[in-house]
Amino acid sequence: MAAVNDNNNSTTQFPISTGKTFLYNTLITVLQGQGKTVIAVASTGIASTLLIDGTTYHSQFKIYPPITEVTRSKIVDGSPLANLISSANLIISGEATMKTNHALDAFNFLFQKLEKKN
């Protein structure tokens with residue numbers, strides 16, 4: 001919670017079977033209750049249904065298959081979706097190990113573009 005409240009850009013990883021989904025849903029509930037914006041994504045539709053307001057990263061970030069080294073998000077800077085992502089207090093991305101390195105590169109490119117940072 002401190003990382004979210006301090007606007008600290010950080011990444012956290014947890015091993016298998018440690019209650020990540022429960023933790024994610026608790027964070028989503030608490031933060032949304034405080035009026036904060038939370039985006040929750042996963043690699044598959046089944047996994048995304050386990051997260052409160054969850055969706056697939058393909059849908060949320062407009063990163064469509066086939067995902068290759070040149071794949072980029074279709075989100076336009078300044079659009080409502082771009083503004084939502086930029087203003088999010090927390091982005092939860094479950095199943096990181098299920099994402100290809102090219103998908104992670106597309107994430108990185110999108111976030112750098114929206115935050116105007118390298």
Side-chain angles (χ1 to χ4, degrees):
M1 292 298 292
V4 173
N5 291 332
D6 296 339
N7 291 323
N8 181 9
N9 295 330
S10 62
T11 302
T12 307
Q13 298 176 13
F14 299 95
I16 192 168
S17 297
T18 55
K20 293 180 292 295
T21 303
F22 177 78
L23 174 64
Y24 296 158
N25 284 329
T26 301
L27 286 170
I28 292 166
T29 301
V30 169
L31 292 172
Q32 286 180 340
Q34 295 173 353
K36 296 185 177 178
T37 303
V38 180
I39 297 173
V41 299
S43 296
T44 65
I46 296 296
S48 71
T49 63
L50 300 176
L51 298 171
I52 296 171
D53 296 331
T55 187
T56 63
Y57 75 86
H58 307 91
S59 175
Q60 183 68 50
F61 299 127
K62 309 299 181 221
I63 300 171
Y64 300 117
I67 297 173
T68 66
E69 63 275 355
V70 296
T71 299
R72 295 292 180 253
S73 170
K74 305 295 185 216
I75 295 174
V76 177
D77 197 11
S79 69
L81 185 52
N83 293 335
L84 173 72
I85 294 167
S86 292
S87 67
N89 297 97
L90 178 64
I91 298 175
I92 296 172
S93 182
E95 297 184 311
T97 58
M98 297 297 290
K99 296 173 184 72
T100 66
N101 61 326
H102 300 310
L104 295 173
D105 286 343
F107 274 20
N108 188 42
F109 187 85
L110 171 64
F111 295 142
Q112 284 183 15
K113 177 176 78 170
L114 296 179
E115 297 300 317
K116 295 165 183 56
K117 296 178 183 177
N118 287 330

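Not measured: the values here are computed from a predicted model. The residues of the chain are indexed from 1 along the displayed sequence.
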Asker: Is there a side-chain contact between Asn89 and Val38 in this structure, where contact means two heavy atoms from C-beta onward sitting under 4.5 Å apart?
Answerer: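 Asn89 does not reach Val38 side chain to side chain.
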
Asker: Quick one: do Phe111 and Phe61 satisfy ring pair (Phe, Tyr, Trp, His ring centres under 6.0 Å)? Show the steps, please.
Answerer: CA-CA 10 Å; Phe111 295 142; Phe61 299 127; 5.6 Å; yes

Asker: Side chain to side chain donor-acceptor pair (under 3.5 Å): which pairs involve residues 90-106, sequence neighbours left out?
Answerer: Ser93-Lys99

Asker: Just how far is it from atom CD1 of Ile75 to atom CG of Leu81, taken to the nearest 0.5 Å?
Answerer: 4.0 Å

Asker: How close do Ile39 and Ala88 get, counting heavy atoms only, and between which atoms?
Answerer: CD1-CB, 3.9 Å

Asker: Does any pair with a residue in residues 54-66 pass side chain to side chain donor-acceptor pair (under 3.5 Å), and if so which ones, sequence neighbours excluded?
Answerer: none

Asker: Can Ile91 be reached from Tyr24 by stepping across I, L, V, M, F, W or Y side chains whose heavy atoms are under 4.5 Å apart?
Answerer: no

Asker: Give the table of side-chain donor-acceptor pairs shorter than 3.5 Å for residues 26-33, with sequence neighbours excluded, one pair per line with atom names and distance.
Answerer:
unit_1 : atom_1 : unit_2 : atom_2 : d
Thr26  : OG1    : Phe22  : O      : 2.8
Thr29  : OG1    : Asn25  : O      : 2.8
Gln32  : NE2    : Asp53  : OD2    : 3.0

Asker: Write out all pairs satisfying salt bridge (charged side-chain N to carboxylate O under 4.0 Å, His left out) with one or both partners inside residues 67-81, taking only residues at least two apart or from two chains.
Answerer: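 For residues 67-81: Asp77-Lys116.
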
Asker: Can you get from Leu84 to Leu110 by hopping between Ile, Leu, Val, Met, Phe, Trp and Tyr side chains that sit under 4.5 Å apart?
Answerer: yes

Asker: With clusters defined by side-chain heavy atoms of hydrophobic residues (ILVMFWY) lying less than 4.5 Å apart, directly or transitively, does Leu114 cluster with Val76?
Answerer: no

Asker: Mind checking side chain to side chain contact (heavy atoms under 4.5 Å, CB included) for Asn83 and listing every partner two or more places apart, or none if nothing turns up?
Answerer: none

Asker: So do the side chains of Ile92 and Val41 get within less than 4.5 Å of each other, counting heavy atoms only?
Answerer: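 With C-beta onward as the side chain, the pair stays apart.
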
Asker: Per the side chain to side chain donor-acceptor pair (under 3.5 Å) rule, what does the pair list look like for residues 40-51, sequence neighbours excluded?
Answerer: none

Asker: Minimum heavy-atom separation for Thr71 to Ala106, with atom names?
Answerer: O-CB, 3.6 Å

